[in-house]
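Naming: A, B, ... by sequence-line order, numbering from 1 per chain.
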Protein chains: 2
Amino acid sequence: MKEALQVFTEYIAKNGLKVTPQRLRIVEVFLREAGHLTTEELYERVKVVDGSVGQATVYRTMKLLCDSGIAKEVHFGDGVARYEQKYGSEHHDHLICEACGRNLEVIDEEIERLQEELAERHGFTLTSHRMYLYGVCEDCRTSKK
Amino acid sequence: MKEALQVFTEYIAKNGLKVTPQRLRIVEVFLREAGHLTTEELYERVKVVDGSVGQATVYRTMKLLCDSGIAKEVHFGDGVARYEQKYGSEHHDHLICEACGRNLEVIDEEIERLQEELAERHGFTLTSHRMYLYGVCEDCRTSKK
DNA sequence: CTGCATGCAAATGTTTTGCAGTAAC
DNA sequence: GTTACTGCAAAACATTTGCATGCAG
């Protein structure tokens, strides 16, 4: 399988953009870290490696990563954008615990299929979707008792 | 069925809060207008009725409406909060056209059921969920050809 | 060399908050 | 009379942008 980094550099080349050390550092950090990082969190981690990188570049680069198809912007509802890896990791939805903030990536093929059908019934061609399930996880439920 | 306005005033009373003319005007506008209004749009419409109402009050009141259970905050991904009526209108998901911005409220009982199951499989008790389906509607698809 | 990319700071846009005055209960 | 509520302006955020400089191609 093609590597995410390669997808990114090819996208750069194809669009007459440039591969810079800043961009490489940001992509590296992004690909290394699992989960759903905010721009702020990415910025903090990149600064450890290279303190000279600016916030604006992180913002600009994350947009670029989304355009290139290796990142995806997600919103959990707290007003901050988060990014997750898209390339090489199959699509998934989110199951979020409202008590501890824990976030599970879940997938249900049956639901996926029904979403397509539902859209089709309304004359839509689906391009993507986001599904967030909010609830309370087992641990929080038992410890609250 | 109990009216949404009544649900709101009861919530106010139960929590030692106060019914003010500003709040009443904002609730009235919110309940009258269908769709998914931003705070800014609500503010504009309220100002027509009473120019003295401030933006901050609209923000504060919308939070209150959510707490009381008659409003729900939704995010379509453009960084602005929108509010839709919750009380008296059954739950629904969103089917959004990426070309014209049109927004259909949709519901599929089978998906709802599977979401519960999915959450349960992971030990979660579901409290709510948000599902956004993005695609292109029939009109946009044909006019683009 | 050319033009895209960078860091900085200023600007933007949305939402929140402090405060002194006002009004509901 | 309390206590919560209001409008205003300032503040707090996250994010974007203008600009002079730097550097990849």
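Between the CG atom of B:Asp78 and the P atom of D:dT16 there is a distance of 12 Å, rounded to whole Å. Straight-line distance from the OH atom of A:Tyr59 to the C1' atom of C:dT6: 17 Å, rounded to whole Å. Between the OH atom of A:Tyr83 and the C1' atom of D:dA14 there is a distance of 11 Å, rounded to whole Å. For the pair A:Arg25 CZ and D:dA24 P, the interatomic distance rounds to 11 Å; values are reported in whole Å. For the pair B:Asn15 CG and D:dC5 C1', the computed distance is 15 Å after rounding to whole Å. Put simply, CE on A:Met62 is 12 Å from P on D:dT16, counting in whole angstrom units. Spacing between atom CZ of B:Arg82 and atom C1' of C:dT15 amounts to 15 Å, rounded to whole angstrom units. Residue A:Glu40 contributes atom CD, which lies 14 Å from atom C1' of D:dA12 at whole-angstrom precision.
Using a 4.0 Å heavy-atom distance criterion, B:Ser52 is classed as a sugar-phosphate-only contact.
If you find the closest nucleotide of DNA chain D to B:Ala56 and to B:Lys18, the one lying nearer the 5' end belongs to B:Lys18. For the pair A:Arg60 and B:Ile12, both in contact range of DNA chain C, the more 5′-proximal nearest nucleotide belongs to A:Arg60. Nearer to the 5' terminus of DNA chain C, by closest-nucleotide assignment, is the contact made by B:Gln55 (compared with the other of B:Gln55 and B:Pro21). Of the two residues near DNA chain D, B:Val53 and B:Gly16, the one whose nearest nucleotide lies more 5' is B:Gly16.
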Full working for side-chain contact (heavy atoms from CB on, under 4.5 Å) between A:Glu44 and A:Lys47: CA-CA 5 Å; A:Glu44 293 302 330; A:Lys47 263 205 305 198; 3.9 Å; yes
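In this model, the phosphate group of D:dT16 is approached by a side-chain N or O of A:Lys63 to a distance below 4.0 Å at OP1 or OP2. Between A:Thr20 and the phosphate of C:dC4, there is no side-chain N or O to OP1/OP2 separation shorter than 4.0 Å. For A:Gln22, no side-chain nitrogen or oxygen approaches OP1 or OP2 of C:dA5 to under 4.0 Å. For the OP1/OP2 pair of C:dA5 and a distance below 4.0 Å, the side-chain nitrogens and oxygens of A:Arg23 include at least one atom meeting the criterion.
Within the 3.5 Å criterion, the main-chain N or O of B:His75 finds a donor-acceptor partner in the side chain of B:Tyr132. Side chain of A:Thr127 to backbone of B:Tyr134: a donor-acceptor contact under 3.5 angstrom is found. Here the side chain of B:Thr61 pairs no donor or acceptor atom with the backbone of B:Val58 at under 3.5 angstrom.
The number of heavy-atom neighbours closer than 6.0 Å to CD of A:Glu117, taken from other residues, nucleotides and ligands shown, is above 12.
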